[in-house]
Amino acid sequence: MAAGSARQSRVDEGELRALNPGELPTATIALAKFLLGKILVRDSAPGRVAGRIVETEAYPPGDEACHARSGRTPRNASLFLPTGHVYVYRAYGISMMLNIASEIGGVGAGVLIRALEPIAGIDIMRRRRGIEAVYRLTRGPGCLAQAFSIDPTLDGTVYAPGNALWFADDGVPASRIGSSVRIGITRNADRRWRYFVRGNRWVSGPARLNADP
DNA sequence: TGAAAGATTCGCT
DNA sequence: GCGAATCTTTCAG
């Protein structure tokens, strides 16, 4: 855990470079790939938690699987905001999902954050999740939302450095990026719009989707 | 006003 | 590996 500790101290000391919203690609699929390897930071009362993004899914404009497919409703309104806005919703009555709106606004598209590799605040995440195993803290979209205390009050807020939720770059590029079909959807199920870091232990989904080609 | 579906997780076999 | 739990939102009648 020596390497993990070193990275943790950098995060705690704020030596990360915060990403400005303007640095995010607006194109949905480009954003999904861009976010891999970046660091998600959540500041709240118990302290800071942070993790490296290792799995995303793109829901581009016109995608039949996207929540925006039937037009704008109170629930999905945040998807129609410009790139960098936060879209949070509850799935299956139990799991919160964290998305980042994409495009220039008005069209309804976004990127789902599916998995993170924990970097800082691991004890806080353990407490929130009620489990000890580090490799299960943030594996899967509902799990990471719980570990990061993602709640509906974040829905519709703008991402910006200094806010409760922000992105950072520590200069470590994501390597060995893989793609696959998206998980848990029925429409447009053949589109390979899921992206992940190959070989990373925190990537969710069935093993056959994560295997080398 | 009622019914069905859903970007999941967890536990048990 | 499979199936139940769980509840909000949306659409149809």
Side-chain angles (χ1 to χ4, degrees), chain A residues 27-36 40 51 53-81 83-103 107-118 125-156 159 165 178-197 200-211:
Chain A
T28 306
I29 290 175
L31 179 63
K33 295 178 183 174
F34 174 87
L35 289 176
L36 286 180
L40 180 71
I53 297 169
V54 298
E55 183 183 355
T56 61
E57 279 180 3
Y59 290 84
D63 175 19
E64 278 299 304
C66 183
H67 281 181
R69 65 179 173 275
S70 311
R72 186 173 181 149
T73 67
R75 176 170 84 146
N76 67 22
S78 301
L79 273 180
F80 291 79
L81 297 171
T83 298
H85 283 73
V86 179
Y87 170 48
V88 175
Y89 72 95
R90 185 189 307 274
Y92 299 99
I94 41 185
S95 307
M96 302 305 300
M97 303 280 139
L98 173 63
N99 301 254
I100 305 302
S102 59
E103 307 298 330
V107 295
V111 173
L112 170 69
I113 312 293
R114 287 193 55 92
L116 305 164
E117 176 180 340
M125 297 190 216
R126 282 193 172 120
R127 201 154 56 239
R128 286 174 177 158
R129 297 272 294 119
I131 59 173
E132 288 294 310
V134 177
Y135 72 92
R136 287 200 315 186
L137 288 177
T138 54
R139 186 184 190 277
C143 294
L144 79 85
Q146 189 178 29
F148 272 60
S149 190
I150 302 299
D151 59 74
T153 64
L154 291 171
D155 182 61
Y159 152 65
L165 192 67
S179 68
S180 80
V181 296
R182 292 171 292 181
I183 296 177
I185 59 168
T186 54
R187 304 162 198 259
N188 266 355
D190 58 333
R191 299 298 203 134
R192 300 176 65 85
W193 283 336
R194 170 176 174 261
Y195 303 97
F196 58 94
V197 176
N200 188 283
R201 197 177 185 187
W202 282 269
V203 173
S204 69
R208 64 180 174 79
L209 289 183
N210 302 330

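Residue numbers start from 1 in every chain, and the chains themselves are labelled A, B, ... in the order their sequence lines are given, proteins ahead of strands. Keep in mind the model is a prediction, meaning the values are calculated, not measured.
Between chain A and DNA chain B, the heavy-atom contact criterion of under 4.0 Å yields a 5' to 3' nucleotide range of dG6(B) to dC10(B).
The residue Arg182(A) sits apart from the nucleic acid: no heavy atom pair falls under 4.0 Å. Heavy atoms of Leu112(A) sit under 4.0 angstrom from at least one base atom. Backbone-only contact: Arg129(A) has heavy atoms under 4.0 Å from sugar-phosphate atoms and none from a base.
Here the closest heavy-atom approach between residue Thr83(A) and residue Leu31(A) is recorded as CG2-CD2, 4.4 Å.
Checking dT8(C), dT10(C), dT6(C) against the side-chain heavy atoms of Ile94(A) singles out dT6(C) as nearest. Taking every side-chain heavy atom of Arg75(A) into account, dT9(C) is the closest of dC11(C), dA5(C), dT9(C).
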For residues 54-66 of chain A, which side-chain donor-acceptor pairs fall under 3.5 Å, sequence neighbours excluded?
{"residue": "Glu55(A)", "atom": "OE1", "partner": "Ser204(A)", "partner atom": "N", "Å": "2.7"}
{"residue": "Glu55(A)", "atom": "OE1", "partner": "Ser204(A)", "partner atom": "OG", "Å": "2.9"}
{"residue": "Glu55(A)", "atom": "OE2", "partner": "Arg114(A)", "partner atom": "NE", "Å": "2.9"}
{"residue": "Glu55(A)", "atom": "OE2", "partner": "Arg194(A)", "partner atom": "NE", "Å": "2.8"}
{"residue": "Glu55(A)", "atom": "OE2", "partner": "Arg194(A)", "partner atom": "NH2", "Å": "3.0"}
{"residue": "Glu55(A)", "atom": "OE2", "partner": "Ser204(A)", "partner atom": "OG", "Å": "3.0"}
{"residue": "Thr56(A)", "atom": "OG1", "partner": "Ala32(A)", "partner atom": "O", "Å": "2.9"}
{"residue": "Glu57(A)", "atom": "OE1", "partner": "Tyr59(A)", "partner atom": "OH", "Å": "2.7"}
{"residue": "Glu57(A)", "atom": "OE2", "partner": "Ile183(A)", "partner atom": "N", "Å": "2.9"}
{"residue": "Asp63(A)", "atom": "OD1", "partner": "Ala65(A)", "partner atom": "N", "Å": "3.0"}
{"residue": "Asp63(A)", "atom": "OD1", "partner": "Arg182(A)", "partner atom": "NH2", "Å": "3.3"}
{"residue": "Asp63(A)", "atom": "OD1", "partner": "Asn188(A)", "partner atom": "ND2", "Å": "2.8"}
{"residue": "Asp63(A)", "atom": "OD2", "partner": "Arg182(A)", "partner atom": "NH1", "Å": "2.5"}
{"residue": "Asp63(A)", "atom": "OD2", "partner": "Arg182(A)", "partner atom": "NH2", "Å": "3.3"}

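Look at OH on Tyr89(A): it is 15 Å from C1' on dT6(C), rounded to the nearest Å. Between the OH atom of Tyr92(A) and the P atom of dT9(C) there is a distance of 16 Å, rounded to whole Å. The CZ atom of Arg72(A) sits 13 Å away from the P atom of dT10(C) (whole-angstrom rounding). Atom-to-atom, CE of Met97(A) to P of dC7(C) comes out at 15 Å; the value is rounded to the nearest Å.
The OG1 atom of Thr138(A) sits 6.0 Å away from atom CE of Met125(A), with the distance rounded to the nearest 0.5 Å.
Contact check for Phe196(A) versus Asn210(A): side-chain heavy atoms found under the 4.5 Å cut-off. For the pair Trp193(A)/Ile29(A), a side-chain contact is recorded, criterion being any heavy-atom separation below 4.5 Å from C-beta on.
With sequence neighbours excluded, no residue forms a salt bridge (Lys or Arg N to Asp or Glu O under 4.0 Å) with Arg201(A).
Side-chain N/O atoms of Ser70(A) include one lying less than 4.0 angstrom from OP1 or OP2 on dC11(C).
Judged purely by distance below 3.5 Å, without hydrogens or angles, the side chains of Gln146(A) and Arg128(A) never pair a donor atom with an acceptor atom.
Comparing Arg187(A) and Gly140(A) along DNA chain B, the residue whose closest nucleotide (by nearest heavy atom) sits nearer the 5' end is Arg187(A).
Searching all strands for a Watson-Crick or G-U wobble partner of dA7(B) with both distances below 3.5 Å returns nothing.
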